[in-house]
Amino acid sequence: MLDLGITGVQWYARIPGTIGGAVFNNIHGGTHFISEVVKKVKVLDKDNKIRTLSGKALGLSYDKSRFHDFAEIILSVEFELFRGDAKRAKQVAFEWAKRKSLQPPRSAGCTFKNISNEDKERLDFPTTSAGYIIEHILKMSGYKIGGAKVSTSHHNFVVNDGDATAKDYTTLVKLIQKETKKKLDIDLVPEIIFLGEFWFGNVPGCQGGGVSSTPFEERVVWD
Ligand SMILES: Cc1cc2nc3c(=O)[nH]c(=O)nc-3n(C[C@H](O)[C@H](O)[C@H](O)COP(=O)(O)OP(=O)(O)OC[C@H]3O[C@@H](n4cnc5c(N)ncnc54)[C@H](O)[C@@H]3O)c2cc1C
């Protein structure tokens with residue numbers, strides 16, 4: 001595409017996943033979101049009807065879309081890309097791909113969303129990065145529970161250091177959240193989506209696992 005001079009998705013180079021997953025979670029690269037270029041989406045709804053939704057109807061925001069709340073399957077996506085500075089876009093794609101290639105394998109990607117600008121100002125932090133908090137404030141780089149370990153190179157990544165179980169992973173996530181709340185009065189919100197009975201506890205309708213229509217924060221049963 002870039003060879004044809006078509007730009008608009010260069011910030012998402014090498015983010016793992018499918019187009020459906022990218023729209024479901026409104027993937028982002030730096031300050032850019034895929035929602036900027038999504039024009040239409042064809043979906044199969046719960047009544048087995050195929051419908052076309054405009055980009056504006058998708059409720060796309062940070063890590064969020066209507067697909068978190070409605071049982072719809074994304075069949076195809078129409079993007080509105082544009083002819084732009086292909087040379088510059090190639091550089092951007094190259095830099096993002098390089099950055100992605102340095103991120104730890106055996107992980108589910110960034111564990112937590114970054115904090116808000118208001119919290120950054122309140123705490124006088126140099127960045128909104130959740131990784132900054134984990135490395136410099138909690139000093140949990142390399143911290144391990146079972147086989148789940150805070151990456152020593154990308155501190156917002158929890159990696160499988162051999163034989164991590166879902167419980168190891170989620171216990172570590174919970175500990176990071178507790179420590180952050182205690183030290184900074186911030187609720188770190190997971191960026192990853194947890195699936196399975198393990199997470200759903202006694203929330204009605206969620207016993208079988210899978211994506212529920214209940215917002216994530218209400219679904220999680222920590223203890
Ligand atoms: C190493 C690593 C780096 C990452 N870096 C980034 C990053 O820089 N920026 C970023 O935004 N994300 C990043 N991610 C997160 C991830 O790639 C995206 O969130 C993406 O959603 C995953 O897509 P997938 O196709 O693998 O979806 P899956 O993981 O298979 O599914 C994710 C959700 O999307 C739903 N879904 C998938 N396809 C469809 C469909 N066709 N219709 C309806 N629902 C569907 C699934 O039901 C599920 O709930 C990273 C992940 C990893 C592991």
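All values below were derived from every heavy atom in this structure, side-chain atoms included, with hydrogens, water molecules and symmetry-related copies excluded. Not measured: the values here are computed from a predicted model. Every number for a ligand or one of its atoms is a count from 1 in the order of the listing.
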Participant: Asp161 side chain to Gly147 main-chain N or O, any donor-acceptor pair under 3.5 Å?
Facilitator: no

Participant: Number the atoms of ligand 1 from 1 as they appear, then name those within less than 4.0 Å of a heavy atom of Asn25, with their elements.
Facilitator: 19 (O), 21 (O)

Participant: Does Pro16, backbone or side chain, put an N or O under 3.5 Å from an N or O of ligand 1?
Facilitator: yes

Participant: Can any side-chain N or O of Ser107 pair as donor or acceptor with the backbone N or O of Val159 at less than 3.5 Å?
Facilitator: no

Participant: Which option, Ser76, Pro105, Gly109, Ala13, owns the non-hydrogen atom nearest atom 53 (C) of ligand 1?
Facilitator: Gly109

Participant: Does NZ or CZ of Lys113 come closer than 6.0 Å to the centre of the six-membered ring of Tyr62, within 45° of the ring's axis?
Facilitator: yes

Participant: With a 4.5 Å limit on heavy-atom distance, are the side chains of Asp63 and Asn26 in contact?
Facilitator: no

Participant: Find all atoms of ligand 1 within a distance of less than 4.0 Å from any non-hydrogen atom belonging to Gln103, and give their numbers and elements.
Facilitator: 3 (C)

Participant: Can you find a heavy atom in the side chain of Ile115 that is under 4.5 Å from one in the side chain of Leu188?
Facilitator: yes

Participant: Just distances here: any N/O of Gly21 and N/O of ligand 1 closer than 3.5 Å?
Facilitator: yes

Participant: Below the 3.5 angstrom mark, is there an N/O of Asn26, backbone or side chain, next to an N/O of ligand 1?
Facilitator: no

Participant: Output the list of atoms in ligand 1 that are nearer than 4.0 Å to some heavy atom of His28, sorted by atom number.
Facilitator: 7 (C), 8 (O), 9 (N), 10 (C), 11 (O)

Participant: Taking the minimum heavy-atom distance to atom 24 (P) of ligand 1, which of Cys110, Gly17, Pro104, Gly20 ranks first?
Facilitator: Gly17

Participant: For ligand 1, is Gly29 a contact, meaning one of its heavy atoms is under 4.0 Å away?
Facilitator: no

Participant: Taking the side chain from Arg83 and the backbone from Leu4, do they hold a donor-acceptor pair closer than 3.5 Å?
Facilitator: yes

Participant: What atoms of ligand 1 come closer than 4.0 angstrom to any heavy atom of Glu72?
Facilitator: 43 (C)

Participant: Pull out every atom of ligand 1 sitting under 4.0 Å from any heavy atom of Ser107, numbered as shown with elements.
Facilitator: 53 (C)

Participant: Is Lys183 salt-bridged to Glu179, going by a charged N under 4.0 Å from an acidic O?
Facilitator: yes

Participant: Classify the ring geometry of Tyr132 against His136: parallel below 30°, tilted from 30° to 60°, perpendicular beyond 60°.
Facilitator: tilted

Participant: Applying a heavy-atom cut-off of 4.0 Å, say which part of Ile15 lies close to ligand 1: side chain, backbone, both or neither.
Facilitator: side chain

